[in-house]
Number of protein chains: 2
Amino acid sequence: MQRRSLGQPRLDGIPQAVIMQMLIMNSLRWTRQRKLILDALRGRKDHPTAEQVYHDLRAKGTTVSLATVYRTLRALARQGLVRELHGEGPDRFDPDTSPHYHFRCTRCGHVFDVAVPYKDELDQVVVGPGFVVSFHEITWEGLCPSCRGREGSQNDEGR
Amino acid sequence: MQRRSLGQPRLDGIPQAVIMQMLIMNSLRWTRQRKLILDALRGRKDHPTAEQVYHDLRAKGTTVSLATVYRTLRALARQGLVRELHGEGPDRFDPDTSPHYHFRCTRCGHVFDVAVPYKDELDQVVVGPGFVVSFHEITWEGLCPSCRGREGSQNDEGR
DNA sequence: CTCCTTGCAAAGGATTTGCACTAAC
DNA sequence: GTTAGTGCAAATCCTTTGCAAGGAG
């Protein structure tokens with residue numbers, strides 16, 4: 001969706017004031033809900049779903065509607081402040097928009113960051129005449145440590 | 001989901017009789033519907049959605065319910081005879097299960113094969129202690145030739 | 001004749017949307 | 001005051017499922 005490159009803002013590293021600026025510049029308003037959702041996402045490494053963000057917020061006693069969580073997350077993605085991850089099950093959101101790769105557990109659906117360095121040269125790939133590449137993604141699939149143990153049982157948490 | 005490696009069956013190259021065998025061996029029956037769906041998928045390079053397969057079949061005058069198309073496609077995926085592709089929009093199905101990569105147009109959602117050779121070494125990546133990697137995927141995103149022209153207009157066919 | 005499949009319609013999960021209301025700017 | 005954002009419920013999209021009838025082995 002959004003174009004990414006080295007030096008692109010990542011939610012984690014940006015002071016709130018700057019995020020505020022970015023939103024305002026796009027005539028987006030700095031509301032209580034957006035602040036809460038941003039805060040709920042900052043620094044997270046677990047790539048939560050909209051539903052998870054929603055639940056975490058109300059677990060903290062604050063209230064934001066699920067619709068607003070979705071609207072905000074998608075809006076932030078459009079601004080390039082978060083990254084949307086697609087796969088089996090509901091979409092997940094990553095506050096780290098810097099180029100990096102993911103591992104997805106085929107059993108529980110959880111997504112983890114992978115430390116393999118980003119391969120800039122892959123963005124230079126010629127897919128064919130007339131194709132324009134914005135970026136690439138690499139996703140590994142398999143079992144995460146905790147699902148590896150319970151091979152037999154059916155576990156679908158986090159979907 | 002399914003483990004893939006060089007030499008794994010690809011729907012395109014397998015004689016129907018062999019597919020029949022594979023199904024029977026798993027106590028799956030060789031029905032009119034399954035034959036039709038398999039035929040509709042064979043040799044296709046456009047990674048259709050279940051809905052598209054469904055429509056193509058009834059355009060040919062044959063009738064299979066959408067539920068059966070879904071059930072069959074998912075069953076074939078479980079047998080490793082087709083590959084499921086996730087992304088924005090509905091799932092797509094690829095009759096070619098040999099290791100290869102994809103390009104997805106962010107405007108129309110169409111998926112294309114990418115000629116970049118499969119990097120076996122990436123399956124050896126150590127994600128972390130306790131992780132088991134089954135395979136990896138690389139997906140490029142950007143604009144396909146036909147969407148590149150109509151940048152301004154909103155085009156969402158094929159979703 | 002047994003068990004797997006199908007079709008249909010209903011159910012389900014994930015996500016979006018219409019609308020009246022509220023709150024930024 | 002304007003205009004964008006919110007909550008809520010309804011709507012939508014994609015997909016799965018329950019069940020009775022049909023068909024393969």
Side-chain angles (χ1 to χ4, degrees), chain A residues 1 16-17 19-38 40 47-55 57-58 62-79 82 84-93 109 154 156-159, chain B residues 1 16-17 19-38 40 47-55 57-58 62-79 82 84-93 109 154 156-159:
Chain A
M1 227 68 278
Q16 204 174 69
I19 294 178
M20 224 175 108
Q21 266 305 119
M22 296 187 64
L23 293 183
I24 292 169
M25 276 169 23
N26 289 282
S27 64
L28 297 179
R29 290 173 180 175
W30 187 238
T31 65
R32 179 185 68 90
Q33 294 69 349
R34 286 184 179 163
K35 190 167 170 342
L36 286 169
I37 294 169
L38 245 352
H47 316 81
T49 64
E51 190 92 36
Q52 285 171 344
V53 171
Y54 169 73
H55 279 118
L57 282 175
R58 51 175 34 212
T62 55
T63 331
V64 178
S65 77
L66 181 56
T68 294
V69 173
Y70 270 107
R71 276 188 287 230
T72 300
L73 256 16
R74 301 289 189 207
L76 290 174
R78 248 176 279 124
Q79 304 299 311
V82 308
E84 299 176 344
L85 305 180
H86 305 294
E88 202 176 296
D91 290 348
R92 290 171 176 273
F93 297 86
Q154 68 306 327
D156 294 286
E157 43 146 328
R159 289 293 171 70
Chain B
M1 227 67 273
Q16 205 174 69
I19 294 178
M20 223 174 110
Q21 266 305 119
M22 296 188 64
L23 293 184
I24 291 168
M25 275 170 23
N26 289 281
S27 66
L28 296 180
R29 290 174 177 172
W30 188 237
T31 65
R32 179 184 67 89
Q33 300 59 355
R34 286 184 180 163
K35 190 168 173 336
L36 286 170
I37 294 169
L38 244 352
H47 315 81
T49 64
E51 190 93 36
Q52 284 170 345
V53 171
Y54 169 73
H55 279 118
L57 284 175
R58 52 173 34 210
T62 55
T63 331
V64 178
S65 76
L66 180 57
T68 294
V69 173
Y70 270 107
R71 277 188 287 230
T72 300
L73 257 15
R74 301 290 189 207
L76 290 174
R78 251 176 276 124
Q79 305 297 311
V82 309
E84 299 176 344
L85 305 180
H86 305 294
E88 203 176 296
D91 290 349
R92 290 169 175 275
F93 297 87
Q154 68 308 326
D156 293 284
E157 43 147 326
R159 289 294 171 72

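Reckoned from all heavy atoms, side chains included, excluding hydrogens, waters and symmetry mates. In this text, all values refer to a predicted model and were calculated from it rather than measured experimentally.
Side-chain atoms of A:Ala67 lie closest to C:dT17 of the nucleotides C:dT17, C:dT2, D:dT17. Set against D:dT16, C:dT6, D:dT6, the side chain of A:Thr31 has D:dT6 as its closest nucleotide. Among the nucleotides C:dT5, D:dT6, D:dG7, the one closest to the side chain of A:Ser65 is D:dG7. In this structure, the nucleotide among D:dG5, D:dT6, C:dA14 sitting nearest to the side chain of A:Gln33 is D:dT6. With C:dT15, C:dG7, C:dC25 as the choices, the nucleotide that has an atom nearest any side-chain atom of A:Trp30 turns out to be C:dC25.
In this structure, CZ of B:Arg32 is placed 11 Å from C1' of C:dT5, rounded to the nearest angstrom. Here D:dT12 presents its P atom at 19 Å from CG of A:Leu66, a figure rounded to the nearest Å. Distance B:Glu88 CD to D:dC14 P: 11 Å, rounded to the nearest Å. Atom-to-atom, CZ of A:Arg29 to P of C:dA24 comes out at 9 Å; the value is rounded to the nearest Å. For the pair A:His86 NE2 and D:dC13 C1', the computed distance is 15 Å after rounding to whole Å. The distance between atom CD of B:Glu84 and atom C1' of D:dT15, rounded to the nearest whole Å, is 12 Å. Rounding to whole angstrom units, NZ of residue B:Lys35 and P of D:dG25 are separated by 13 Å. The interatomic distance linking A:Gln52 (CD) with C:dT15 (P) rounds to 11 Å, in whole Å.
Not one side-chain nitrogen or oxygen of B:Arg92 sits closer than 4.0 Å to the OP1 or OP2 atom of D:dC14. Side-chain nitrogen and oxygen atoms of A:Tyr70 include none within less than 4.0 Å of the OP1 or OP2 phosphate oxygen of C:dT16.
A donor-acceptor contact under 3.5 angstrom links the side-chain atoms of B:Arg71 to the base of C:dG7.
For the atom pair NE2 (A:His55) and CG (A:Leu66), the distance works out to 8.0 Å, reported to the nearest 0.5 Å. The distance from the CD atom of A:Glu88 to the NE2 atom of B:His86 is 4.5 Å, given to the nearest 0.5 Å. For the atom pair CD of A:Gln33 and CG of A:Leu57, the computed distance is 10.0 Å after rounding to the nearest 0.5 Å.
Nucleic acid contact for B:Arg74: sugar-phosphate only, since backbone atoms but no base atoms lie under 4.0 Å from a heavy atom of the residue. Looking at heavy-atom distances under 4.0 Å, B:Arg34 makes contact with sugar-phosphate atoms alone, never a base.
A:Arg34 places no side-chain N or O within 3.5 Å of a backbone atom of A:Thr72 that could act as its donor or acceptor partner.
Here the rule is side-chain contact (heavy atoms from CB on, under 4.5 Å) with A:Glu84, and of A:Arg74, A:Arg78, A:Arg92 only A:Arg74 fits it.
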